[in-house]
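Take a look at the structure below.
Each residue takes its place number in the sequence, starting with 1. Below, all heavy atoms of this structure are taken into account, side chains as well, without hydrogens, waters or symmetry copies.
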Amino acid sequence: MTFKEQIQQGIPSELPQPKPYETEINHAPKRKEILSDEEKKLALKNALRYFEPKFHAELLPEFKEELEKYGRIYMYRFRPDYEMKARNIAEYPGKSEQAKSIMLMIQNNLDYAVAQHPHELITYGGNGAVFQNWAQYLLTMKYLSEMTDEQTLTMYSGHPMGLFPSHKDAPRVVVTNGMVIPNYSKPDDWEKMNALGVSQYGQMTAGSYMYIGPQGIVHGTTITVLNAFRKIKKEPKGGLFITSGLGGMSGAQPKAGNIAGCITVCAEVNPKITKIRHEQKWIDEIHENLNELVERVKKAQENKETVSLAYLGNVVEVWEKFDRENLKIDIGSDQTSLHNPWAGGYYPVGISFEESNKMMAENPGLFKEKVQESLRRHAAAINKHTEKGTYFFDYGNAFLLEASRAGADVMSDHPTLGREFKYPSYVQDIMGPMCFDYGFGPFRWVCASGKPEDLQKTDEIACTVLEEIMKNSPAEIQQQMQDNIKWIKGAQENKLVVGSQARILYADAEGRMKIAEAFNKAIRNNEIGPVVLGRDHHDVSGTDSPYRETSNIYDGSRFTADMAIQNVIGDSFRGATWVSIHNGGGVGWGEVINGGFGMLLDGSEDADRRLKSMLFWDVNNGISRRSWARNEGAIFAIKRAMEIEPNLKVTLPNQVDENLL
């Protein structure tokens, strides 16, 4: 069968042969035993409902074995034989160009070069899934190949509920992930519902079909690192940045450190992913001996090198060793997946990677104890360095939250509303006041032709647009404009593409609309092929996350999620090609609500109309909320937006005299 025929077939009419478990692929760890015997039967019934009854007797023992062996039913047998990668949009079968663009983005999320655990349909973050099983993937791709522009596909946590009649301006796909009743949003609730096959953790851009490999977080981390050094009034050259995590998107940290120009030490316990990141040239060197690492760092500091060093081992050992050696750390953070602390997101110090994986599945209670013990040590070591002048920030991975729950010494001696920890979230100190409040966030695009020359052309277009905007930009956003022009000019030489021909930069509403408009014009003139627009959910408006995206909201509303819900509803009727809303992205199940979108630019007047309407709302919704919280930068930004667009009228806050209070 051809590729198109395999897509159109969906779930095969005859059972494919079982597939061998490929040990060279990076696999998800075994999930813990959480289902009762009756619930296991229910999980099997739920899985078998995708298949005709004549296949049940053969599939039942196989699915039972998967559930027992891996803690989930992935349906490995149904993994497609074709190469999993984003193809030229013209290679996909279908009646709708918009639907084809979504197929392209789904396959990009599952590309072996992009996905963390491709055979388990997990893109990043340890549990950020596109689908729960391979039957869902096959059925979704079939639906997309049949869809017209008068239909909408409804996705329930990876399950394609079906195609419904709609209209050309409706989204082609509406995605929800993990949207459970609030009282059932604890980590074990997710484990149970996911094992039953009824809910999933979509992370942020995994279940939204908008992950573009590590490039997205490379850019965000580059901006963060540059601004962190600005905050301590030091040049990055020769400065030392300590962090951890090379799996999934956190592999971007050493690359970002190199672009920023500092020395980066990034610890990782998984040998396989460390080797992959070295082969991909995301890290320069691998070190397994702490004494050798210390000498290498000292040499790099003396010579003011720009270099990224991976330590194959636990980051707690690095913090403790550097304290004993009195090595000066300038900035420090952590990017382990602490939103998922009990299932492979964080590994305890003093226990091997293999032993940890075994304990995680067989003795989860003890594993949790060891993780919390490690977090206490981790925090204690960081505290010693910050007493010597290190600037430490929480990088939005729930490090401080989980450390506090473990009883670590991370609570502030003088807590204020929204500032309960010793250390700030990077959004509180850096990204919030410097970027999000002014409307700057991660705008991204994918060249649907798959041609590198199209990406180069879009880079040039974006750079020209930004340089033109910068001529008349107010002083408050000049630094932002300069950073992003520098980024886009260096994007090609930094070789950031993994998987699809994609790019990201930080832009405000004006920048996003003007860049998108210029792309659409170039498509209309046959200078480039179609382009898919999107963004990370880690943005101005799309995410309500009290310990990350909205951590610099101090009016008491940071635990509300009106903004994220309003955002996805507003994007839906303003022209997005697909929209998504998730529970649990980035910082943990039950800790955040986040939403995203995708939009196909095809050169049409319809696309021109949609991009202006949707992108303006997608940014200014968040600026409005931030200005109502009395954030100074956001008040400036929304007043400017109202001057530009007379149809925008936003309620502004009146300030209260503190002396009066």
Would you please classify the geometry between the Tyr423 ring and the Phe392 ring as parallel, tilted or perpendicular, with 30° and 60° separating the classes? perpendicular
Arg630 and Gln655 have their tightest heavy-atom pair at CD-OE1, 3.5 Å
When every non-hydrogen atom of Leu466 is compared with those of Leu505, the smallest separation belongs to CD1-CD2, 3.9 Å
Angle class for the Phe393/Tyr395 ring planes (parallel below 30°, perpendicular above 60°, tilted otherwise)? perpendicular
Would you call the rings of Phe436 and His538 parallel, tilted or perpendicular, taking 30° and 60° as the class edges? perpendicular
Lys486 bridged to Asp483 by N-O distance under 4.0 Å: no
Does any donor atom in the side chain of Ser101 or Arg172 lie under 3.5 Å from an acceptor atom in the other side chain? no
Separation of Met599 CE from Leu611 CG (nearest 0.5 Å): 6.0 Å
To the nearest 0.5 Å, what is the distance between CD on Gln253 and OG on Ser308? 11.0 Å
Between Asp454 and Arg503, does any side-chain N to carboxylate O distance fall below 4.0 Å? no
For Tyr506, does the six-membered ring have the charged nitrogen or CZ of Arg535 within the cation-pi criterion, i.e. under 6.0 angstrom from the centroid and within 45° of the normal? no
Test Ser572 against every option in Asn567, Ile581, Val579 by the side chain to side chain contact (heavy atoms under 4.5 Å, CB included) rule and name the one that passes. Val579
Note: Glu645-Lys612 ion pair, threshold 4.0 Å (strictly below): no
